Amino acid sequence: MKKMWEGRFHKETNKLLEKFNASITFDKRMYEEDITGSIAHSRMLAKQGIIAEHEQKDIENGLLQIKDEIEKGEFEFRIEDEDIHMSIEKRLTQIIGSVAGKLHTARSRNDQVALDVRMYVRKEAREISKLLVKMENVLLGLAEKYKNVIIPGYTHLQRAQPILFSHHLMAYFQMFKRDISRIEYFLERYDEMPLGAGALAGTTFDLDRHFVAKELGFSKPTENSLDSVSDRDFIIELAMIISVISMHLSRFSEEIIIWCTSEFSFINLDDAFATGSSIMPQKKNPDIAELVRGKTGRIYGNLMGILTTMKALPLAYNKDMQEDKEGIFDSIDNIKLSIEIFYLMLDTITVNNEKIYTSMRAGFLNATDVADYLAKHNVPFRQAHKIVGEIVSYCEDKKIAIDDMKLEEFHKFSDVFKDDILSEITIENCVNKRNSYGGTSIKNVEIQIENGKKFLETLEI
Ligand code: ARG
């Protein structure tokens with residue numbers, strides 16, 4: 001089997017080496033980037049008089065034919081051709097003859113792969129961002145639908161203070177909003193085009209790299225040829241961003257799982273988004289949330305994988321770097337699937353308002369508000385805290401809620417209490433008095449929803 005680089009070799013390549021060395025099985029997904037990059041490169045070569053116009057036309061038409069063949073499933077990907085770059089060039093030679101060999105003028109696979117993978121991950125980063133926007137829209141819709149529903153807020157997974165369910169949802173809105181902006185900055189940072197760096201040192205041809213950058217939708221070419229072919233920090237950075245998204249999704253998943261338990265029963269999943277058990281007929285399992293939570297492991301693993309591969313690699317290209325692709329492809333595929341299935345599931349949940357409300361009587365959710373009441377009547381907060389601690393202990397002994405206490409009972413702990421105490425500490429009051437900027441009151445949540453909508457409108461995707 002002839003190789004592109006056979007000139008200095010005297011023996012056939014070992015078969016196992018061929019298999020070991022090949023990346024075609026996974027880099028074929030970058031065919032579009034490879035072809036688009038090659039077309040831009042050939043146009044530049046013609047513009048600079050390095051190849052003839054008619055040669056460029058043949059090259060471009062041949063490449064477009066190959067794209068078509070790949071998309072129709074007619075293209076044969078072969079291990080012997082090693083990678084997507086050589087597979088396409090080889091096919092181009094079959095179609096247009098030896099002029100195909102001019103395409104690789106002033107180019108190396110090192111800058112070619114750096115370009116392809118950068119374009120591919122930038123494209124996918126935009127897709128991830130679009131999916132996050134859909135998630136944000138679902139969150140806004142749910143926050144509006146269930147705006148007034150009050151749930152217990154937790155710290156240490158112990159009941160803490162009552163909050164609006166919509167406030168809880170909007171917390172995730174903020175997290176995904178930052179994820180979207182992380183992607184925006186990522187796209188901005190890597191808006192530089194590496195082709196033209198050659199193998200490592202640039203080339204002896206008079207290239208117009210700015211032209212190629214423009215053709216391919218980049219603002220400018222990269223500045224240092226060594227860096228252009230050596231670094232994979234953009235892959236690491238996207239793997240990191242995906243890890244953070246996955247972490248956010250995994251926390252949300254955990255809450256969905258908890259909320260679906262019989263012990264909580266805060267929400268119901270739609271039947272279309274839950275699964276059953278093969279043995280226990282009563283089961284309705286939140287598999288989606290569990291799997292999204294579970295995928296976080298491999299996504300973190302992919303980040304650690306590429307970080308470790310790149311550690312201590314000398315400049316410039318090393319074959320180790322071929323290991324940059326499978327991990328990030330896996331992270332991209334899994335995060336896209338996870339975001340989409342998660343927001344579809346979320347969109348169909350129903351909230352058991354009554355069940356939540358009755359369950360809120362236990363847990364002394366309004367204890368802080370009793371302390372705040374005293375503090376607002378001039379009792380130092382630390383002292384107020386102690387008094388309410390004693391009230392809670394008293395209620396626990398009597399197996400009652402603070403709201404069940406009579407004014408005389410309050411007076412056993414402090415004579416500051418007046419007969420407005422019970423109306424001051426209703427669950428609704430506890431929520432709506434938390435009106436400090438960013439707090440859980442309805443007014444604040446409405447502001448968050450408005451701001452959320454404005455944020456989504458300003459996005460250019
Ligand atoms: N398949 C290779 C990769 O993914 C392409 C670059 C190969 N360059 C080389 N000099 N062997 O990294």
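Both counts, for ligands and for their atoms, begin at 1 and track the order of listing. From a predicted model like this one, the values you see are computed outputs, not experimental measurements.
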Exercise. For ligand 1, which atoms sit closer than 4.0 Å to a heavy atom of K325?
Worked result: 3 (C), 4 (O), 12 (O)
Exercise. What residue and atom, counting heavy atoms only, is the protein's closest point to atom 2 (C) of ligand 1, and at what distance?
Worked result: Q322 OE1, 3.2 Å
Exercise. Hey, does K319 come in under 3.5 Å of ligand 1, counting only N/O atoms on both sides?
Worked result: no
Exercise. What is the closest protein heavy atom to atom 6 (C) of ligand 1, and at what distance does it sit?
Worked result: Y317 OH, 3.5 Å
Exercise. So, E127 and K336, do they make that salt bridge, N to O below 4.0 Å?
Worked result: no
Exercise. Taking NZ, NE, NH1 and NH2 as the nitrogens, is one of them in R107 or D111 under 4.0 Å from a carboxylate oxygen of the other?
Worked result: no
Seminar exercise, completed: Near S23 (heavy-atom distance under 4.0 Å), the atoms of ligand 1 are 1 (N)
Exercise. Who gets closest to atom 9 (C) of ligand 1 by heavy atom: V113, N110, D111, I24?
Worked result: N110
Problem set entry | T309: side chain to side chain donor-acceptor pair (under 3.5 Å) partners, not counting sequence neighbours | none
Exercise. Salt bridge or not for D333 and R29, using N-O below 4.0 Å?
Worked result: yes
Problem set entry | Lys/Arg-Asp/Glu bridge criterion (N-O < 4.0 Å) met for E450, K453 | yes
Exercise. Which protein heavy atom lies closest to atom 11 (N) of ligand 1, and at what distance to 0.1 Å?
Worked result: R109 NH2, 3.6 Å
Seminar exercise, completed: Sorted by chain and number, sequence neighbours left out, salt bridge (Lys or Arg N to Asp or Glu O under 4.0 Å) with K311 holds for none
Seminar exercise, completed: atom 5 (C) of ligand 1 has as its nearest protein heavy atom D83 OD2, 3.5 Å
